[in-house]
4 protein chains.
Amino acid sequence: MTEAEKRIAILNATLELIAEHGFHGAPIAKIAKKSGVSAGIIYHYFADKDDLIYGLYIHIKKEHARALLSQNLVGLPFPQNLKQMWLNAYAYYVTHPKETLFLEQYENSPYPQSLSEEVIDKYFSGLMQMIKAACSQGRMVDLPLDVIYELTFRVAAGIAKKQISGILALSDEQLDEVAEACCRAVTH
Amino acid sequence: MTEAEKRIAILNATLELIAEHGFHGAPIAKIAKKSGVSAGIIYHYFADKDDLIYGLYIHIKKEHARALLSQNLVGLPFPQNLKQMWLNAYAYYVTHPKETLFLEQYENSPYPQSLSEEVIDKYFSGLMQMIKAACSQGRMVDLPLDVIYELTFRVAAGIAKKQISGILALSDEQLDEVAEACCRAVTH
Amino acid sequence: MTEAEKRIAILNATLELIAEHGFHGAPIAKIAKKSGVSAGIIYHYFADKDDLIYGLYIHIKKEHARALLSQNLVGLPFPQNLKQMWLNAYAYYVTHPKETLFLEQYENSPYPQSLSEEVIDKYFSGLMQMIKAACSQGRMVDLPLDVIYELTFRVAAGIAKKQISGILALSDEQLDEVAEACCRAVTH
Amino acid sequence: MTEAEKRIAILNATLELIAEHGFHGAPIAKIAKKSGVSAGIIYHYFADKDDLIYGLYIHIKKEHARALLSQNLVGLPFPQNLKQMWLNAYAYYVTHPKETLFLEQYENSPYPQSLSEEVIDKYFSGLMQMIKAACSQGRMVDLPLDVIYELTFRVAAGIAKKQISGILALSDEQLDEVAEACCRAVTH
DNA sequence: GATGAATGAGGGTTCATTCAT
DNA sequence: GATGAATGAACCCTCATTCAT
């Protein structure tokens, strides 16, 4: 196992434990065991446990951003591109249940200390630009970016989480309808 | 201090600590100190810590439901009543920042084990009936209740949380616009 | 419930809890609940928990002594009287499983602090006299009383406890044989 | 100190505390202090406190069995071998007062849950075989093994315990007489 | 670099005892 | 006399982190 692989193994073990048992259920000792490394070496890759959690968050956010922005978008005009991004985001959540559960826990915990804002933004610049362009063209509601995010992608996360946990099961038609509803909310 | 008051004092202390420092930052010893009681007596009011957390959740949910359903709704037809409920929900969140932060943490943690579902539903039956009525009249999108919730009230919570933490500041006009956007999303 | 009855109720509850769950499984709160009194009042009848345990011990020892010395002994010469006492002791143990389990736990714990010696002896003076008489007549082995006790009545307790817990089941013939064996051990 | 030595140190500290102060007087913190290790590391060697107590029991039983079966027995026929074993057992008890006090407490507590039965038997197979052989030859009373144990070795433990606590002091001649008495009890 | 034994503070919880009512 | 809420020390156990090997 190379160093890079070992780092990934640690992140994966952490992800699985937190997704399944929450923050309380992911002590370093278990993470070490699950990733096949010693507890001590984890502190070679991460300064402390908070740093490990934060590292996992960044790792997943990056992956999620790529999934969101890299599929089926070429040449699509607004608002079709927004809808497609929404579907991309949703598809990522549903196919990555552990990442989704972790993300929701992390973002609703007191962990994030504004650091995330700046660090994360860079991965989503593509999305931001698209939104800003639509706003300046008057084709989107004139509301802060954070609000638009809540009205669209945050909804995708919320619904996906319910689908993951089995509370909900949407057909393709219904899913399309939700995507439309989100677009309708933020366009005139 | 009567017994009932003491129970409330414990719940309040728990709420404040969790809202400010998260679940990790709310050990029984601190809760006891903040509520002005001994650690031991907490176990007279609650079976264990989980029960205390759950008790707090129920307590807040009940309060929130009342706030949502009891103001400025008399005689309002659909969809004005939906919009007013949304504004009520939002007002509650913004004026109850600690409750809001707790709620978001709780609902995204592995604590809730579907129990809540049944227990909670009874407080929101008024809301459910309104939604079902609108659906059956064909005036609302034909999507599961959970989806409609995510498209409306969950958005209120998300935006309120950002307002609470100072990331966002909406004017009354903007807030009204968001409420409209949510209604637009779930109506044809 | 008179005071005397209440005292008995407390002793009985203590006995049952200790017999079933050991000393660890008999907190004052449970004793209070089981005996139908408040926790506080127990300290009216007993100085503290140790005193309660000791009181229970004395209570049972007295009862046991009476059972041992009061049945089917009239006119029996040695060694028939010894054998009958042995059978009496055994019968008490088997018909009083809770008392037996408590006694064994108590006498093998660090609770007894030589106090018992003096206090208990008075209940067993009848037995002592019989043994001393047989010794002085040269019909019994010349060994300390404690040794004779271990070779006879202690054996009854040990076997009874195994019978109680279901490890052992002796027929009447076998039981008689054991009684004989014990008598054989202490006579020439 | 090697790991094995540390394990022994923990067992010894536990033994001393329980022998002197009973189960109540042996909290983990004191065991740790007495063995010169931290409280936490005890859970590296034992799953929990019950496991530590049980481990100590097994450790002592094994030692006791060896002492009982390994001295001065070569070539001795029945019943001399039984008598010698009895004297071996007694000698072990008297020279190992702490082990004896612990054993008696443990075996009379609600700790043992029949598990011990099977686990322990293997250490005493030598003794069992000797007894069974004598029984089948008709040279021993036809009673269950448990009964024979109570009539012989259990008596040794009981008397030894009194000797340990200073209640009793037997001369070599008296001790021999007791051994004879026990043999007499179980032979025709 | 890698291990995992070791630490010890801090976690949740229990319980004998007290005392206001 | 009687209650049971209240105390707080003590209990068992966990865990992030360190460091000798």
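All of these numbers come straight from a predicted model, not from anything done at the bench. Here is how names work: the chains are called A, B, and so on, in the same order as the sequence lines, proteins then strands, and each is numbered from 1. Quick note: numbers below take in every heavy atom, side chains included, and nothing from hydrogens, waters or symmetry partners.
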| Nearest-angstrom distance from the residue atom NZ of A:Lys33 to P of F:dC15 | 13 Å
| query | Which whole-number value in Å describes the distance from A:Ile10 CD1 to E:dG1 P? | reply | 12 Å
| field | From E:dA6, E:dG12, F:dT7, nucleotide with atom closest to B:Ser38 side chain | value | F:dT7
Close N or O pairs between protein and nucleotides 19-21 of chain E (under 3.5 Å):
none

| task | In whole angstrom, give the distance that lies between atom CG of A:Asp50 and atom C1' of F:dT17. | result | 13 Å
| said: Just verifying a value: how many Å separate B:Ile10 CD1 and B:Lys6 NZ, rounded to the nearest 0.5 Å? | reply: 8.0 Å
| said: Can you list, in residue-number order, the parts of residues 42-49 of chain D that come under 4.0 Å of DNA chain E, counting heavy atoms only? | reply: D:His44, D:Tyr45
| Going from CD1 on D:Ile42 to CD1 on D:Ile28, what distance comes out if it is rounded to the nearest 0.5 angstrom? | 4.5 Å
| With nearest nucleotides of DNA chain E determined for D:Gly36 and A:Met1 from heavy-atom distances, which residue corresponds to the more 5′ nucleotide? | A:Met1
| note | Per side chain to side chain contact (heavy atoms under 4.5 Å, CB included), C:Gln105 is matched among C:Ile53, C:Ile18, C:Thr100 by C:Ile18
| Atom CG of D:Leu52 to atom C1' of F:dC13: distance rounded to whole Å? | 13 Å
| query | What's the CD1-C1' distance between C:Ile31 and E:dT14, to the nearest Å? | reply | 14 Å
| message | On DNA chain E, does the nearest nucleotide to C:Ala29 precede the nearest nucleotide to D:Thr2 from the 5' side, or the other way round? Give the residue. | response | D:Thr2
| message | Does B:Leu11 form a side-chain contact (heavy atoms from CB on, under 4.5 Å) with B:Tyr45? I'd like the steps, not just the answer. | response | CA-CA 10 Å; B:Leu11 288 175; B:Tyr45 294 92; over 6 Å; no
| d(CG, B:Asp51; C1', E:dG12) in whole Å | 14 Å
| said: Within the 4.0 Å heavy-atom criterion, would you say A:Lys6 contacts the bases, only the backbone, or no part of the nucleic acid? | reply: sugar-phosphate
| task | Return the value, rounded to whole Å, for the distance between atom NZ of B:Lys30 and atom P of E:dG10. | result | 10 Å
| query | Taking the side chain as C-beta and beyond, is there a heavy-atom pair between D:His59 and D:Glu63 under 4.5 Å? | reply | yes
| Roughly, in whole Å, what's the span from CD1 in B:Ile28 to P in F:dT7? | 14 Å
| query | Parallel, tilted or perpendicular: which fits the ring planes of A:Tyr106 and A:Tyr57, with parallel below 30° and perpendicular above 60°? | reply | parallel
| remark: Axis-to-axis angle across the helix from E:dA2-F:dT21 to E:dT21-F:dA2, five pairs each end, nearest 10 degrees, ~ 0°
| message | Under a 3.5 Å distance rule, please check whether C:Glu104 uses its side chain to pair with a backbone N or O of C:Lys161 as donor and acceptor. | response | no
